[in-house]
**Q** 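Below is a structure I'd like to ask you about.
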Amino acid sequence: MNKTKTLKFDTNWSYSPAPESIDYIELKDRYGLFIDGNFTSSKGGNYFDTINPANEEKLSEVSEANEKDVDKAVQAARQAYEKVWSKMKPSERGKYIFRIARIIQEQAREFAVIESLDGGKPIRESRDIDIPLAAAHFFYYAGWADKLDYAFPGRSTKSLGVAGQIIPWNFPLLMAAWKIAPALAAGNTVVLKPAETTPLTALKLAEVIREADVPPGVVNIITGGGETGKMLVKHPDVNKVAFTGSTEVGKFIMKTLAGSGKRYTLELGGKAANIIFEDAAINQAVEGIVDAIFFNQGHVCCAGSRLYVQESVAKEVISKLKDRMNTLVIGDPLDKNTDIGAINSRMQLEKICKYVDIGKKEGGSIYQPSCTLPEKGFWYVPTLFADVSQSHRIVQEEIFGPVLAIQTFRTVDEVISKANNTPYGLSGGVWTDKGSKLFKVTKEIRAGVIWANTFNKFDPGSPFGGYKESGIGREGGVEGLHSYVELV
Ligand code: NAD
């Protein structure tokens, strides 16, 4: 396998390189589809490359599932559902899910490195956030498998059947865990399709599932692009569709499923407001802003991409934010010092560039710290726009990159109305010393999750999901189980 080169950046801060070793990572040159407990080649025989976005080198090639493959995977899931998984004692199902969780923990380092290689995110994020949280989701839902009657007191539950699950590229293994763990705990079987730019940790998860001796067909993992996703959504033998991705595709799925009787949950885009009041702990808030939008290259659906600062502290906050932006380390995703890794794909980089041009044309004042980016790979510097208004496209539309739009406000009511004024409603953040303000603002903002004096904190026990164009249904917690059962 090709090794990543250590990248050099001109930042004001220089640390000695501390790259995570990739010597012990074993990637196959080519991956088949994981169907009925085995890796098989696709019927059409097509493969596509998955590359390292930090240097554009090919990591491996993966199968592109066609209609026949999708059908084969769904039929395998159906057989496993009818004959094995739905008939198994719930405590036995729980044992398999616990096993998956433990093996992920054992192989956490390999998972983290592959996640950073394939997706471009800093190893610090994949190592400390993505992989531990993915294992935590399997642990959490394993515990529910034999306690479903307690999850919904007074009701009993019935599993739905086969779940078709489609996930994006920003948290590949974590999104797979969000989808697979509750579905299995509730007694369903699954066909999961990872994003085309980040299939490798899902395929490694397939190996873990085999190692855990999960009965064949209970989990099937098929790779491919949007066309494969479409086939899965449309397959007549899928009982539930769970989708995480863009609002555009979410709307398409909703239209496709209308009248089909299939259940669905949609976790879609966001444009979170991060609100800083004058009585907030400013230094802490500045760190929260950076965490909310710049870490993980802004590739976070709940990223705090709109900043609202109370006028009296705006100058101080923006000045401290610019100082902090100058200390961020952009570079090799595998380096433990890296704050901001590579943009996931050329397509995503082009989208970010397009929006930054739009922001400039709309009259925003742009600030970017100076640094030299390498010619190879996909990179973008953390960027902020001041002097923008609510109607600007960079305030209204999801960019999904490290681009922050800043506005000021004077009153609580004004900021609530501005925060609610986008088509999205996924998340938000509020920074203040006053409990009364926290309660008022968090109650009145229409978003699925709002963090108080922190940002981007997750727990498997806590539900996540959107209002408005950010989606339908919840994942995580007991609500996440509810999405995979019928209450009788
Ligand atoms: P995307 O919608 O382009 O793709 C997501 C997945 O859907 C991929 O696996 C893709 O192959 C598949 N797909 C594409 N077209 C399809 C179709 N017509 N039918 C079925 N499947 C199809 O999104 P993306 O660019 O991969 O991911 C970024 C988006 O995901 C952002 O909008 C982000 O906000 C959102 N997201 C939301 C959450 C959440 O929990 N709400 C979490 C992560 C990402």
Side-chain angles (χ1 to χ4, degrees), residues 48 50 62 64-65 67 70 118-121 129-130 133 137 164-179 191-199 202 221-235 238 241-257 262 264-272 293 296-305 343-352 355 397-401 422-427 447-449 456 458 462-476 479-480 483:
F48 60 95
T50 182
V62 298
E64 183 178 23
E67 202 147 8
V70 173
D118 203 22
K121 64 170 58 194
I129 298 171
D130 295 52
L133 263 178
H137 271 79
Q165 308 180 317
I166 299 170
I167 55 173
W169 44 261
N170 61 336
F171 289 93
L173 184 70
L174 183 56
M175 290 295 112
W178 276 29
K179 296 274 179 282
V191 178
L192 175 100
K193 191 200 84 64
E196 48 274 45
T197 56
T198 52
I221 298 181
I222 55 171
T223 42
E227 282 306 309
T228 305
K230 251 189 225 175
M231 294 165 198
L232 185 56
V233 169
K234 287 184 176 166
H235 195 290
V238 162
V241 173
F243 172 76
T244 299
S246 61
T247 295
E248 191 191 345
V249 176
K251 285 180 181 175
F252 167 83
I253 291 177
M254 207 168 163
K255 282 183 199 151
T256 308
L257 295 181
K262 288 180 193 171
Y264 57 85
T265 37
L266 305 171
E267 296 277 354
L268 310 176
K271 193 74 191 177
I293 183 68
N296 205 7
Q297 306 76 250
H299 289 345
V300 186
C301 51
C302 47
S305 51
I343 300 300
N344 180 264
S345 65
R346 184 180 298 284
M347 210 169 94
Q348 190 57 30
L349 178 60
E350 284 167 1
K351 183 178 173 197
I352 296 167
Y355 271 105
E397 296 172 24
E398 186 185 46
I399 302 172
F400 222 55
T422 74
Y424 297 107
L426 190 62
S427 62
V449 57
N456 277 345
F458 291 94
S462 150
F464 187 85
Y467 282 64
K468 302 191 279 183
E469 295 195 13
S470 287
I472 289 173
R474 295 290 178 267
E475 289 187 327
E479 290 78 358
S483 306

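One is the number of the first residue; the rest follow in order along the sequence. For ligands, and for the atoms within them, numbers begin at 1 and follow the listed sequence.
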**Q** When the ring planes of Phe400 and His299 are compared, do they come out parallel, tilted or perpendicular, using 30° and 60° as the limits?
**A**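 Parallel: the ring planes of Phe400 and His299 meet at under 30°.
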**Q** I need the atoms of ligand 1 closer than 4.0 Å to a non-hydrogen atom of Ile166, numbered in the order shown.
**A** 6 (C), 7 (O), 9 (O), 12 (C), 20 (C), 21 (N)
**Q** Counting non-hydrogen protein atoms only, what is the nearest one to atom 19 (N) of ligand 1? Give residue, atom name and distance.
**A**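 Ranked first by proximity to atom 19 (N) of ligand 1 is Lys230 N, 3.5 Å.
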**Q** Work out whether the distance between some heavy atom of Gly471 and some atom of ligand 1 is less than 4.0 Å.
**A**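 Distance cut 4.0 Å: Gly471 fails for ligand 1.
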**Q** Heavy atoms only: which of Cys301, Gly476, Gly270, Ser345 is nearest to atom 38 (C) of ligand 1?
**A**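 Shortest heavy-atom distance from atom 38 (C) of ligand 1: Cys301.
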**Q** Could you tell me whether the side chain of Asn344 reaches within less than 4.5 Å of the side chain of Asn170, counting heavy atoms only?
**A** no
**Q** Could you check whether atom 26 (O) of ligand 1 has a protein contact, counting only heavy atoms that fall below 4.0 angstrom?
**A** yes
**Q** To check your reading of the model: name the closest protein heavy atom to atom 16 (C) of ligand 1, its residue, and the distance in Å.
**A**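 For atom 16 (C) of ligand 1, the nearest protein heavy atom is Val249 CG1, 3.4 Å.
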**Q** Which one holds for Phe400 and ligand 1: side chain close, backbone close, both close, or neither close, with close meaning a heavy atom under 4.0 Å?
**A** side chain
**Q** With a 4.5 Å cut-off on side-chain heavy atoms, are Tyr264 and Ser483 touching?
**A**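 With C-beta onward as the side chain, the pair stays apart.
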**Q** Counting from 1, what ligand 1 atoms have a heavy atom of Thr244 closer than 4.0 Å?
**A** 5 (C), 36 (N), 37 (C), 38 (C), 39 (C), 40 (O), 42 (C), 43 (C), 44 (C)
**Q** I want to confirm something. Looking only at heavy atoms, which of Pro168, Gly466, Gly245 is nearest to atom 29 (C) of ligand 1?
**A** Gly245
**Q** Note the single closest protein heavy atom to atom 9 (O) of ligand 1, along with its residue, its atom name and the distance in Å.
**A** Ile167 O, 2.8 Å
**Q** Below 4.0 Å from any atom of ligand 1, is there a heavy atom belonging to Phe464?
**A**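 It does, in that a heavy atom of Phe464 comes within the 4.0 Å cut-off of ligand 1.
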**Q** Output side-chain donor-acceptor pairs under 3.5 Å for residues 248-255, partner residues at least two apart or in another chain, one line each.
**A**
residue, atom, partner, partner atom, Å
Lys251, NZ, Glu469, OE1, 3.2

**Q** Should you measure from each heavy atom of Leu426, which atoms of ligand 1 turn up under 4.0 Å away?
**A**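 Matching atoms, with element in brackets: 41 (N).
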**Q** Taking the ring centre of each residue, are Trp178 and Phe171 less than 6.0 Å apart?
**A**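 Aromatic pair excluded; centres sit 6.0 Å or further apart.
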**Q** Using only heavy-atom distances, determine whether the side chains of Thr50 and Asp118 contain a donor-acceptor pair under 3.5 Å.
**A**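 The criterion, which ignores hydrogens and geometry beyond distance, is satisfied for Asp118 and Thr50.
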**Q** If you have a sec, work out which protein heavy atom is nearest atom 14 (C) of ligand 1 and how many Å separate them, to one decimal?
**A**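 Checked against all protein heavy atoms, atom 14 (C) of ligand 1 sits closest to Gly226 CA, 3.5 Å.
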**Q** Going by the atom numbers of ligand 1, which of them fall below 4.0 Å from some non-hydrogen atom of Gly229?
**A** 19 (N), 20 (C), 21 (N)
**Q** Check salt bridge (Lys or Arg N to Asp or Glu O under 4.0 Å) between Lys271 and all other residues, then give those that pass, not counting sequence neighbours.
**A**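 Salt bridge (Lys or Arg N to Asp or Glu O under 4.0 Å) check on Lys271 returns nothing, list empty.
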**Q** Just to be sure I read this right, does ligand 1 sit under 4.0 Å from the backbone of Glu398, its side chain, both, or neither, counting only heavy atoms?
**A**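 For Glu398, the contact with ligand 1 is made by the side chain alone.
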**Q** For ligand 1, which is the ligand I care about here, please tell me if Lys193 has any N or O atom under 3.5 Å from one of the ligand's N or O atoms.
**A**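 N/O-N/O distance below 3.5 Å exists for this pair.
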**Q** Going from CD1 on Ile399 to CD1 on Ile293, what distance comes out if it is rounded to the nearest 0.5 angstrom?
**A**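 One finds 7.5 Å between CD1 of Ile399 and CD1 of Ile293.
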**Q** Quick one: are Lys179 and Glu475 in side-chain contact, heavy atoms under 4.5 Å?
**A** yes
**Q** Does a donor on one side chain and an acceptor on the other come within less than 3.5 Å for Lys468 and Thr422?
**A** no
**Q** Considering the heavy atoms of Phe243, write down every atom of ligand 1 situated less than 4.0 Å from one of them.
**A**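 Answer, ordered by atom number: 2 (O), 5 (C), 6 (C), 7 (O).
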**Q** Using only heavy-atom distances, determine whether the side chains of Glu397 and Tyr355 contain a donor-acceptor pair under 3.5 Å.
**A**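 Yes, because at least one side-chain N or O of Glu397 sits under 3.5 Å from a partner of the opposite role on Tyr355.
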**Q** May I ask you to check if ligand 1 and Trp169 share an N or O to N or O distance below 3.5 Å?
**A**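 Yes, Trp169 has an N/O under 3.5 Å of an N/O on ligand 1.
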**Q** Hey, does Val233 have a side-chain heavy atom less than 4.5 Å from the side chain of Phe243?
**A** no
**Q** Taking atom 41 (N) of ligand 1 as the point of reference, which of Val300, Leu268, Thr256, Val241 owns the nearest heavy atom?
**A**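 Shortest heavy-atom distance from atom 41 (N) of ligand 1: Leu268.
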**Q** Of the side chain and backbone of Thr228, name the one, both, or neither that has a heavy atom under 4.0 Å from an atom of ligand 1.
**A** neither
**Q** With heavy atoms only and a cut-off of under 4.0 Å, state how Glu196 meets ligand 1: side chain, backbone, both or neither.
**A**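 Looking at Glu196 and ligand 1, just side chain atoms fall under 4.0 Å.
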**Q** Which residue, Leu232, Thr223, Ile221, Ile222, forms the side chain to side chain contact (heavy atoms under 4.5 Å, CB included) with Leu192?
**A**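 When side chain to side chain contact (heavy atoms under 4.5 Å, CB included) is applied between Leu192 and each of Leu232, Thr223, Ile221, Ile222, only Ile221 qualifies.
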**Q** Under 4.0 Å from a heavy atom of Pro194: which atoms of ligand 1 are those, numbered in the order shown and with their elements?
**A**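 Once the distances to Pro194 are compared, the set is 9 (O).
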**Q** Which residue owns the protein heavy atom closest to atom 23 (O) of ligand 1, what's the atom, and how far is it?
**A**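 Checking every protein heavy atom, the shortest distance to atom 23 (O) of ligand 1 gives Ser246 N, 3.4 Å.
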**Q** Short list, please: which atoms of ligand 1 are under 4.0 Å from a heavy atom of Asn170?
**A** 43 (C), 44 (C)
**Q** Using a strict 4.0 Å threshold on nitrogen-to-oxygen distance, state whether Glu267 and Arg474 make a salt bridge.
**A** no
